[in-house]
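Take a look at the structure set out below.
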Amino acid sequence: MLEIKYVRQNLSEVYNSLKKRGDMSALDAFQGIEAVRREILGELEDLRHQRNVVSGDIADLKRKGEDAEGLVVQMRDVSGRIKVLEKNLTEHEEKISEILIRLPNIPHASVPVGKNETDNPVVRRVGEPTSFDFEPKAHWTLGEDLKILDFERAAKIAGARFPLYFGAGARMERALINFMLELHTTEHGYTEVLPPFIVNRKTMTGTGQLPKFAEDLFKLENWDYFLIPTAEVPVTNIFQDEILDEDRLPIYFVAYTPCFRSEAGSYGKDTRGLIRQHQFNKVELVKFVTPETSYDELERLLNNAETVLQKLGLPYRVVSLCTGDLGFSAAKTYDIEVWMPAQNTYREISSCSNFEGFQARRAGIRFRRKGKKGTEPVHTLNGSGLAVGRTLAAILENYQQADGTVIIPEALRPYMGGQEIILPRP
RNA sequence: GGAGAGAUGGCCGAGUAGGUCUAAGGCGCUCGCCUGCUAAGCGAGUAUGUGGGGAAACUUGCAUCCAGGGUUCGAAUCCCUGUCUCUCCGCCA
């Protein structure tokens, strides 16, 4: 959410910077409604002041045993008027917050201008695309042949876009989670968190999933609860409505959670394999930092996520999302894309964003500077470190051998009891 | 699921026959004084949001005692609804 004062005072700038990001009709209405709101508020506060003063007078008169009936009658009218204005004010406030809560974040000045993902510039490439002297197979073929992935039976149990792992597949998924958590906690200074996987409406609104993107979420029937689409949601909301002392910042959290997404509107996309699932595992990095450090922190967070790929020996590239491809809440985002040999392309495996104060204002996460009055929103950041299912898919494809077996990356072996290779399950 | 108790400022905690609550008191914290260090002591300050004035220190209006509604000239206080917490019972991994 943008700050109401900022929108009021910089309407044309807000308009311009958000124009590329979609429907601006709501913003057109803002100015008029906000002017009326402020007018009502002015009159209302005057009347409330009058009521406060006169009520005190009435109390004095009664204490002295004098007659106060005249003032009481007078205040009856004032109170009536206050009630009308209050209702009116509430209506205008609701309209304003309805507009503000649906307004996306303003892109940072360093974000490249562009229309869609084809305009995202590549920041760097690390590692060469894996070369094979045979035709590399897709991870779903490898997984099914090795009998460590079974999409057919998963569909029977749940439906399309659900995973079912067996044997070394299940073990590698678990090993990846542990490997990533260990790396980020012991080498990168993050504190491990295990949050709820189901959250309420306020929490979903705090990070920006609601109200605009309800169709992307799984909602529990008869409950105002939602399955989390990412650990970002519960973890960022840990400090919801809190004021942190400056010296507590920065705060780094890493959390493993399953993630649940409806994938509405992606019918026909990535229908095979682990790339696009209704349920997948992810290790997420979340930071709470002071505004002046947040862009340095973004670079470090990105590096922390890249380290996972480097240690696993997977080729990847980093792209900077352009204005047209930026998510609703983000001010700046880097995507990390891993090389997928069978598809002969890079696929997103991590998304690292700085939200600046956008989520913090929605969720009420503030901090107090030492020796200064007042509070400021913290800056929040997060990034996948990494999407686990996609990492497993990338390992299968990049580490496959001509005979269909898969070498286990060395960094992962300690988490798999020393196992070095995945052979077909009998 | 049944019965009961509760929710007040950073923390503890007073405050229910509605009216100096413009929220006592304590702790903590900040600044200053004092003591050669430390401790103790003394003094002052110490919530959030939003609007006005001021270069600023500051000053001033309104709102906020879990949330939402109601009664009233006036609500932390009375009424209704909801949320959460705690205790006991039942059930349960």
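In what follows, chains carry the letters A, B, and so on, assigned in the order in which the sequence lines appear, proteins first and then strands, with residues in each chain numbered from 1. The model shown is predicted, which means the values in this text are computed figures rather than measured ones.
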- request: Sort out the partner of B/rG32 for me: Watson-Crick or G-U wobble, both distances under 3.5 Å, none otherwise.
  value: B/rC42

task: Using the C1' atom as the reference point in each nucleotide, state the distance between B/rA47 and B/rC42 in Å, no decimals.
output: 26 Å

- prompt: Taking the C1' atom of each, how far is B/rU77 from B/rG26, in whole Å?
  reply: 23 Å

task: Measure the distance from CD on A/Glu242 to C1' on B/rU48 and round it to the nearest whole Å.
output: 14 Å

message: Can you measure A/Leu85 atom CG to B/rA63 atom P for me and round it to whole angstrom units?
response: 13 Å

message: Work out how far the P atom of B/rG2 is from that of B/rA63, and round it to whole angstrom.
response: 40 Å

- request: Can you tell me the pairing partner of B/rA5 across any strand shown, Watson-Crick or G-U wobble, with both distances under 3.5 angstrom?
  value: B/rU85

query: If you measure from the P atom in B/rC37 to the same atom in B/rG32, how many Å do you get, rounded?
result: 15 Å

message: Using only modelled atom types and a 3.5 angstrom limit, is any donor from either the side chain of A/Glu45 or the base of B/rG51 paired with an acceptor on the other?
response: no

- request: Measure the distance from CD on A/Glu69 to P on B/rG74 and round it to the nearest whole Å.
  value: 13 Å

message: Does a side-chain N or O of A/Ser79 approach OP1 or OP2 of B/rG74 to a distance below 4.0 Å, or not?
response: yes

query: At under 4.0 Å between heavy atoms, what does A/Lys5 touch on the DNA or RNA strands: base, sugar-phosphate, or nothing?
result: sugar-phosphate

query: Considering residues, nucleotides and ligands other than A/Glu39, do more than 12 of their heavy atoms fall under 6.0 Å from its CD?
result: no

- prompt: Taking the side chain as C-beta and beyond, is there a heavy-atom pair between A/Leu274 and A/Pro163 under 4.5 Å?
  reply: yes

- request: Tell me, yes or no, whether the heavy-atom count around A/Glu292 atom CD, taken from other residues, nucleotides or ligands under 6.0 Å, exceeds 12.
  value: yes

task: Would you tell me if any nitrogen or oxygen in the side chain of A/Asn52 comes within less than 4.0 Å of OP1 or OP2 on B/rC62?
output: yes

message: I need the CZ-C1' distance between A/Arg366 and B/rU48, as an integer number of Å.
response: 6 Å

statement: Value for OG (A/Ser353) from CG (A/Leu326), rounded to nearest 0.5 Å, stands at 7.0 Å

message: Please report the distance, rounded to the nearest Å, between CG in A/Leu47 and P in B/rG74.
response: 13 Å

- request: Please measure how far the C1' atom in B/rA14 lies from the corresponding atom in B/rA23, and state the result in whole Å.
  value: 9 Å

task: Using the P atom as the reference point in each nucleotide, state the distance between B/rU46 and B/rU59 in Å, no decimals.
output: 9 Å

task: Among A/Arg272, A/Met340, A/Gln400, find the residue that satisfies the side chain to side chain contact (heavy atoms under 4.5 Å, CB included) test when tested with A/His139.
output: A/Met340

message: If you compare every side-chain N and O of A/Arg81 against the phosphate oxygens of B/rC73 (OP1, OP2), does one of them come in below 4.0 Å?
response: no

Distance, rounded to the nearest Å, where A/Ile82 contributes CD1 and B/rG74 contributes C1': 11 Å

- prompt: Which of the following nucleotides, B/rU48, B/rG51, B/rG74, is nearest to the side chain of A/Arg51?
  reply: B/rG74

query: Which parts of nucleotides 81-86 of chain B does protein reach within less than 4.0 Å, heavy atoms only, written one letter per nucleotide 5' to 3' as B for base, S for sugar-phosphate only and - for none?
result: ------

- prompt: Would one find a side-chain N or O of A/His49 under 4.0 angstrom from OP1 or OP2 of B/rC62?
  reply: yes

message: Can you confirm if the aromatic rings of A/Phe358 and A/Phe328 lie within a centre distance of less than 6.0 Å?
response: yes

task: In whole angstrom, give me the gap between the P atoms of B/rC65 and B/rG10.
output: 13 Å

- request: Using a cut-off of strictly less than 4.0 Å, decide whether A/Arg76 has a side-chain nitrogen or oxygen near OP1 or OP2 of B/rC73.
  value: yes

- prompt: Does any nucleotide pair with B/rG61 by Watson-Crick or G-U wobble geometry, both distances under 3.5 Å, and what is it?
  reply: B/rU50

field: Paired nucleotide for B/rU72 [Watson-Crick or G-U wobble; both distances under 3.5 Å]
entry: none

query: Taking for each residue the nucleotide of RNA chain B bearing the nearest heavy atom, is the 5' side occupied by A/Val53 or by A/Asp60?
result: A/Asp60

- prompt: Are any of the side-chain heavy atoms of A/Leu301 and A/Lys287 separated by less than 4.5 Å?
  reply: yes

- line: Side-chain atoms of A/Arg38 come closest, of B/rG51, B/rG74, B/rU48, to B/rG51

message: The side chain of A/Lys83 is closest to which nucleotide in this list: B/rU48, B/rU72, B/rG51?
response: B/rU72

- request: Assert yes or no for the condition that the ring centre distance of A/Tyr295 to A/His108 is strictly below 6.0 Å.
  value: yes

task: Rounded to the nearest angstrom, tell me the gap between atom CD in A/Gln240 and atom C1' in B/rA67.
output: 14 Å

message: Does A/Leu71 reach a base, just sugar-phosphate, or nothing at all? Heavy atoms under 4.0 Å.
response: nothing

- request: Could you give the distance separating B/rG4 and B/rC73 at their C1' atoms, to the nearest angstrom?
  value: 38 Å

field: Nearest to side-chain heavy atoms of A/Thr375, which nucleotide of B/rG49, B/rA63, B/rG19
entry: B/rG49

- prompt: When we call it a touch if two heavy atoms are under 4.0 Å apart, what does A/Arg201 touch: a base, just sugar-phosphate, or nothing?
  reply: nothing

- request: Report yes if some heavy atom in the side chain of A/Glu306 is under 4.5 Å from a heavy atom in the side chain of A/Leu302; otherwise report no.
  value: yes

- request: Taking the side chain as every heavy atom from C-beta outward, state whether A/Ile407 and A/Arg413 have any pair of such atoms under 4.5 Å apart.
  value: yes

- request: Describe the nucleic acid contact of A/Arg368 in one word from base, sugar-phosphate, nothing, applying a heavy-atom distance below 4.0 Å.
  value: sugar-phosphate

- prompt: Nearest-Å distance, CD (A/Gln9) to C1' (B/rG51)?
  reply: 12 Å

- line: Closest of B/rG19, B/rC62, B/rU48 to the A/Ile243 side chain is B/rU48

